Amino acid sequence: MMESYDKYMQRTAEQKFCDFVNSRQTLALPANYWINFENVKRNAAKYGPGIFTLDYLIGKDKAALKKLFLDQPNLLKLIPPLLGIRNDKFEKPKSDKKLKVEGLTGDYLLDFKEIQLNDIDLYLQFIHDSGLEELLLKGITKSLKDYSTGVEAGMDSNGRKNRSGQRGELYIESVLRNLADKYNFQWHGQSTYQYIKDNYKVVLDQRLFNVRFDGSLYDVKKNKLYLFEINNFSSQGSKLKASGGEFSLRQQIFDDSIHDFIYITDGQGWDSDLSHLKNIIKSIKYVFNFSMIQAGYLEHLIQSSN
């Protein structure tokens, strides 16, 4: 059974470390972690009616393919999404949608924002070399729309890592929302120095000017801020040490402030660096894991401040 907040805060750093390690957990993953079909639906809709026009090519030959793109060159704009090419793969500036391609005789550049008919043979070469030509002419039996939906589903599944990283932020936002409602506080998710200054009228130490906190909770009556960082380390990685070291330095800034900094972290990823976790617990005043938050430690911290 987990100890009370008061008992935990009175324990030595070594004892806190043992309590922390023994009560770790990982956040459960929401159902849409695997594939967020709302994202798939939204991205698939961007293909527009042109995706149905491409169905004409099913069962046709290369001559028909070339004629269709010559007659309707804007259909070539569908090639990158059909190949799962996202904006970050284009040359800078990304908004120009110029794609650099390695060819047998050298690199060439394709413009997918303003289709260049003078380069039609290069577009067609790219479609052929990518394997998309064979798919369009022989690999699809019914609908390119179904294929495009499959591409988007595959691309979305690659976004799991981002969703995992955001899971911690979504969790703390739900916690802060509930506390703000209960105590008539103000709260916000990701909070910058400028946001805090503009909305809470609190001017933080200038050394925090470029810091973006994962969450903020503001006690209007006491003019007191609680600022949060949260990490859900479900796997091992070098970010562990970088994050912990940065937050330890941040604690030194808050030592001379009426405001509080709270570091929430959890996950089996810490198994690879328990010694560093021990140092973090020694150097940061408030370090909680998810079990502690669920046990009401954060609310007890707020109550003890009032």
Side-chain angles (χ1 to χ4, degrees), residues 5 8-9 13 16-17 20 27 162 164-233 237-267 269-270 273 276-290 292-293 297-306:
Y5 165 79
Y8 174 74
M9 293 304 298
K16 284 183 179 179
F17 170 74
F20 189 99
L27 288 174
N162 290 335
S164 181
Q166 295 167 357
R167 182 73 185 106
E169 293 177 21
L170 294 174
Y171 174 74
I172 193 60
E173 286 181 12
S174 67
V175 171
L176 297 183
R177 183 185 298 109
N178 290 333
L179 288 173
D181 290 343
K182 183 172 182 177
Y183 291 97
N184 197 28
F185 288 178
Q186 295 178 18
W187 78 278
H188 196 257
Q190 288 198 352
S191 303
T192 62
Y193 178 99
Q194 195 63 46
Y195 178 88
I196 291 167
K197 181 180 179 181
D198 293 343
N199 292 273
Y200 302 144
K201 311 306 178 186
V202 173
V203 179
L204 296 174
D205 189 293
Q206 190 68 22
R207 287 171 291 178
L208 300 171
F209 186 81
N210 293 317
V211 172
R212 182 187 297 272
F213 294 94
D214 289 332
S216 60
L217 189 65
Y218 180 53
D219 183 341
V220 181
K221 292 182 180 178
K222 299 190 68 173
N223 191 35
K224 182 178 178 66
L225 263 176
Y226 302 90
L227 294 166
F228 299 84
E229 290 289 351
I230 183 166
N231 293 127
N232 180 26
F233 292 121
S238 59
K239 187 180 177 183
L240 297 174
K241 184 169 292 187
S243 297
E246 176 189 347
F247 301 155
S248 296
L249 292 174
R250 197 169 297 175
Q251 177 62 56
Q252 297 175 22
I253 298 174
F254 280 89
D255 284 340
D256 298 321
S257 170
I258 65 168
H259 310 299
D260 284 329
F261 172 62
I262 298 100
Y263 182 32
I264 301 171
T265 185
D266 212 320
W270 279 113
D273 202 352
H276 189 64
L277 175 60
K278 183 181 292 186
N279 289 332
I280 287 173
I281 292 175
K282 287 181 180 178
S283 60
I284 300 178
K285 187 175 182 179
Y286 300 112
V287 183
F288 303 139
N289 59 30
F290 299 143
M292 294 171 180
I293 298 299
Y297 279 28
L298 184 53
E299 185 167 4
H300 284 293
L301 166 59
I302 291 171
Q303 290 173 343
S304 65
S305 300
N306 291 328

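Positions are given from 1, in the same order as the sequence printed here. Given the structure is predicted, the values throughout are model-derived calculations rather than measurements.
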Correct closest heavy-atom pair for E229 and R250 would be OE2-NH1, 2.6 Å
State, yes or no, whether a side-chain contact exists between [X] and [Y] at a heavy-atom distance under 4.5 Å.
X	Y	result
V202	L204	yes
N210	Y193	no
Y183	D219	no
L277	D273	no
F254	L225	no
F247	I280	no
H188	N199	no

With sequence neighbours excluded, tell me which residues meet ring-ring contact (aromatic ring centres under 6.0 Å, His included) with [X].
X	value
F228	none
Y218	Y200
F17	none
Y286	none

**Q.** Side-chain H-bond candidate by donor/acceptor type, N231 with Y263, under 3.5 Å
**A.** yes
The complete set of side chain to side chain donor-acceptor pair (under 3.5 Å) pairs with one or both residues in residues 172-182, sequence neighbours excluded, reads K182-E299
Return the [atom1] to [atom2] distance between [X] and [Y], rounded to the nearest 0.5 Å.
X	Y	atom1	atom2	answer
L298	I264	CG	CD1	6.0 Å
I253	H259	CD1	NE2	12.5 Å
F261	L227	CZ	CG	8.5 Å
M9	K285	CE	NZ	6.5 Å
D214	I172	CG	CD1	8.5 Å
M292	N289	CE	CG	4.5 Å

With sequence neighbours left out, the residues meeting side-chain contact (heavy atoms from CB on, under 4.5 Å) with T192 are Q194, Y195, R212
Sequence neighbours excluded, the answer for side-chain contact (heavy atoms from CB on, under 4.5 Å) partners of A180 is F185, W187, L217
Under 3.5 Å, side chain of H300 to main-chain N/O of I302, donor-acceptor pair present? no
Do side-chain atoms of S191 reach the backbone of F213 as a donor and acceptor pair under 3.5 angstrom? no
Salt bridge (Lys or Arg N to Asp or Glu O under 4.0 Å) filter on K224, not counting sequence neighbours, yields D260
So salt bridge (Lys or Arg N to Asp or Glu O under 4.0 Å) across residues 186-211, not counting sequence neighbours, yields D205-R207
Sequence neighbours excluded, the answer for side chain to side chain donor-acceptor pair (under 3.5 Å) partners of Y8 is none
